[in-house]
Protein chains: 2
Amino acid sequence: MTPSRGGAAGHGRVATLSDVAREAGVSLATASRAINGSTNRSVREDLRERVLAAAARLDYSPNANAQAMARGRTATLGLIVHDIADPFFSTIAAGVTEAADAAGLAVTLANTEHDPERELGFIQTLQNLRARSIILVGGRQDDDEGNRRLRDALAAYQERGGSAAMVGQPILGVSAVHVDNRGAAAELARALHGLGYRRFAVLGGPANHLTARERREGFCEALAELGSPVPDEAVVPCAFVRDGGYDGMKELLARGLDVEVVFAVNDVMALGAMTAARDAGLDLPRDLAFAGFDDITALRDVTPTLTTVAIDMVDIGRQATALALGEGGGEPQVVIASGDVVLRESTPGPR
Amino acid sequence: MTPSRGGAAGHGRVATLSDVAREAGVSLATASRAINGSTNRSVREDLRERVLAAAARLDYSPNANAQAMARGRTATLGLIVHDIADPFFSTIAAGVTEAADAAGLAVTLANTEHDPERELGFIQTLQNLRARSIILVGGRQDDDEGNRRLRDALAAYQERGGSAAMVGQPILGVSAVHVDNRGAAAELARALHGLGYRRFAVLGGPANHLTARERREGFCEALAELGSPVPDEAVVPCAFVRDGGYDGMKELLARGLDVEVVFAVNDVMALGAMTAARDAGLDLPRDLAFAGFDDITALRDVTPTLTTVAIDMVDIGRQATALALGEGGGEPQVVIASGDVVLRESTPGPR
DNA sequence: TTGTACGCGTTATCAG
DNA sequence: CTGATAACGCGTACAA
């Protein structure tokens with residue numbers, strides 16, 4: 001049992017590398033080399049052991065901030081998400097933490113709570129922390145001014161030696177994992193059409209939300225090509241979250257259209273919409289079919305099971321990390337993440 | 001448009017406080033004081049403005065690592081969770097990030113992926129980062145050796161000036177938010193008994209998992225007192241995750257017991273169990289009633305809606321942060337988070 | 001109020 | 001292979 005160093009009150013003294021060196025009877029430099037084989041492994045075995053033993057004895061904990069100062073770089077990766085409580089983001093976060101951990105990086109999590117302004121603030125914070133790289137997750141807005149500021153902030157960050165990547169539309173000048181929203185939504189549309197559906201409605205998300213737009217347009221365009229265009233009034237704008245789906249469905253029902261199947265541009269919206277439909281007395285999927293997008297884990301346990309486009313969010317997190325950590329020399333890369341249409345009970349086909 | 005400093009290749013030079021001071025024509029100390037009013041605000045207005053202008057011109061970004069060195073403390077809070085993709089943890093994380101942000105702290109997220117060994121590793125990492133405080137989230141195991149090591153690690157961390165708090169059983173020598181699992185589960189049992197149920201089964205989680213145990217025992221003891229004890233064979237051990245609920249339910253069904261209602265010790269397990277019951281051909285809630293614990297957000301959109309014990313996970317995250325950040329002088333505090341029984345469609349009462 | 005100078009803990013350069 | 005020593009960027013006593 002090591003006798004406690006320092007006084008009883010407040011911060012106990014933390015053993016420093018100098019302490020370890022003294023305890024081991026070597027110089028600071030040698031102690032440093034022994035503990036981190038950073039440069040060529042070049043410390044005699046017996047000395048190395050003496051140092052390691054001393055470090056263990058003093059319960060030495062290398063000061064990462066001091067290392068960051070001396071090395072000129074940190075082992076920190078910044079992760080910015082819109083809402084960590086949303087399964088889409090938390091699942092991607094799981095992929096990022098996994099990959100970051102494998103790379104020996106600590107993850108600093110920033111939760112914007114859907115406020116684009118805070119994205120900028122967090123980039124600044126991560127810049128101050130000298131995070132080695134930043135991963136920005138979430139669909140972009142169609143907002144030239146906002147995107148310009150974000151692009152500038154990321155460019156400045158990269159000019160200072162950081163690397164960055166994002167999940168979403170590759171419009172910020174950094175590498176990105178971009179889900180093939182348009183293509184997969186079209187695929188979904190064709191699959192539903194193939195089941196025999198002809199009267200569609202779309203809970204389309206916010207007009208300016210690029211991911212929502214891509215899914216909405218991909219879906220509608222494919223149906224138009226198939227000769228079953230979605231009427232404008234059957235495309236309801238709404239928020240990109242669960243309550244948006246719920247409210248949008250209420251609105252859709254209020255319009256009294258003749259609809260067989262509803263496509264919500266993400267799963268949580270679809271789930272909210274199904275609840276709204278049920279609240280309105282509909283029997284699902286008999287009275288109305290539903291489809292979503294993302295394939296969040298929770299879908300396994302809803303009834304009817306939800307037809308959707310499955311994307312591998314954990315892997316997207318991993319890939320975004322790989323992009324962020326890859327050599328930042330070349331041009332920004334874009335990785336397309338494909339989506340797989342999964343037909344489930346919520347779309348049994350029209351009666 | 002500021003002309004880019006430094007060469008084209010690699011890391012552009014980052015403006016330092018000295019640069020700002022020179023640009024503003026003041027000393028380093030004055031620049032420091034002007035930018036961080038840390039000590040008494042004591043810099044002439046015109047100088048302060050000159051400094052701020054210079055900082056803006058150079059796009060100065062204070063180096064948080066250097067500040068940490070000089071100040072002797074960081075603005076980093078460590079958050080350790082079992083699984084960030086699990087809605088229970090991600091929702092608590094939302095509360096923690098919210099509170100941390102309000103306190104001006106950056107959150108470093110550590111995902112153990114349910115490996116207790118990694119909790120220790122992350123505490124070490126956060127120690128190295130000199131995180132100001134650590135929040136550990138998740139039920140503890142009944143593992144004296146493991147808990148001892150964890151307690152020692154946290155004690156060492158605190159002795160070095162860090163503060164810590166946890167969500168779960170208050171057995172690690174640090175402040176804790178402890179959900180009243182036992183009491184709330186008992187309350188749930190009484191409510192179900194009050195509905196007329198008499199034949200119960202429990203998907204009880206792992207034998208050594210303290211949260212599972214508290215809920216299981218609270219539930220069973222209350223029923224025993226009411227004269228409707230749960231037979232031993234109706235208490236099925238299983239993993240504390242969704243698949244555990246699914247598998248446990250399969251096992252329960254295989255036992256062929258006469259059961260009216262199943263209590264799973266958390267919501268994701270309950271959802272998995274319901275799916276297993278459906279896969280076995282049961283009609284819910286007609287053939288079998290279900291209840292869970294936690295009230296995760298996803299419950300709003302399942303059918304039948306799930307009876308459960310609601311706990312405010314976002315607020316638990318906030319409270320844990322407050323505990324962690326509160327003066328660490330006194331004894332560890334324990335905040336009891338209560339749970340509210342919410343009866344929903346999954347327990348319509350026995351036929 | 002302002003400036004000087006030292007220290008924070010490490011790494012890395014450069015002699016020995 | 002090892003040991004001094006100069007950075008790294010900033011905060012802050014201390015002196016002016």
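Chain naming here is simple, since letters A, B, ... match the order of the sequence lines and numbering starts at 1 in each. Every heavy atom of this structure was used, including side-chain atoms; hydrogens, water molecules and symmetry mates were not.
- Per the geometry, CZ belonging to B:R13 stands 8 Å off P belonging to D:dC8, to the nearest Å.
- At whole-Å resolution of the value, CG in A:L17 and C1' in C:dG9 are 8 Å apart.
- Close to D:dC10, at under 4.0 Å from its OP1 or OP2, lies no side-chain N or O of B:N36.
- At a cut-off of 3.5 Å, with distance as the only test, a side-chain donor of A:R130 or B:S61 sits close to an acceptor on the other residue.
- Side chain of B:R44, nearest nucleotide from D:dG9, C:dT2, D:dA4: C:dT2.
- Both B:A66 and B:G25 sit near DNA chain C, but only B:G25 has its closest nucleotide nearer the 5' end.
- The distance between atom CZ of B:R71 and atom P of C:dC6, rounded to the nearest whole Å, is 22 Å.
- At a threshold of 4.0 angstrom between heavy atoms, the contacts of A:L28 include nucleobase atoms, whether or not backbone atoms are also involved.
- Each of C:dT2, C:dG7, D:dT2 was ranked by its minimum atom distance to the side chain of A:L47; first place goes to D:dT2.
- Residue A:T30 has a polar side-chain atom (N or O) positioned under 4.0 Å from OP1 or OP2 of D:dG3.
- A heavy-atom distance below 4.5 Å is not found between the side chains of A:V107 and A:I135.
- What separates CE of B:M69 from C1' of D:dT12 is a distance of 14 Å, to the nearest Å.
- A salt bridge links A:E119 to A:R140: one of the charged nitrogens lies within less than 4.0 Å of a carboxylate oxygen.
- Looking at B:S175, B:P332, B:S163, B:S133 one by one, the single match for side-chain contact (heavy atoms from CB on, under 4.5 Å) with B:L323 turns out to be B:S175.
- With C:dG3, D:dC1, D:dG9 as the choices, the nucleotide that has an atom nearest any side-chain atom of B:T16 turns out to be D:dG9.
- Between the CZ atom of A:R130 and the P atom of C:dT11 there is a distance of 19 Å, given to the nearest Å.
- Side-chain proximity of A:S27 to C:dT4, D:dG9, D:dA4: nearest is D:dA4.
- Atom P of nucleotide D:dA7 and atom CG of B:N65 are separated by 20 Å, given to the nearest angstrom.
- When each of D:dC10, C:dG3, C:dT10 is scored by its nearest atom to the side-chain atoms of B:Y60, the top-ranked nucleotide is D:dC10.
- Spacing between atom CG of B:D19 and atom P of D:dC10 amounts to 9 Å, rounded to whole angstrom units.
- We find that CG of B:N63 is positioned 14 Å from C1' of D:dA7, with the value rounded to whole Å.
- In the set C:dG9, D:dG11, C:dG3, the nucleotide with an atom closest to the side chain of B:A29 is C:dG3.
- With contacts defined as side-chain heavy-atom distances shorter than 4.5 Å, the pair B:Q169/B:H178 qualifies.
- Checked against D:dT12, C:dC14, C:dG7, the side chain of A:R33 finds its nearest nucleotide in C:dC14.
- When each of C:dT2, D:dG11, C:dT10 is scored by its nearest atom to the side-chain atoms of A:Q67, the top-ranked nucleotide is C:dT10.
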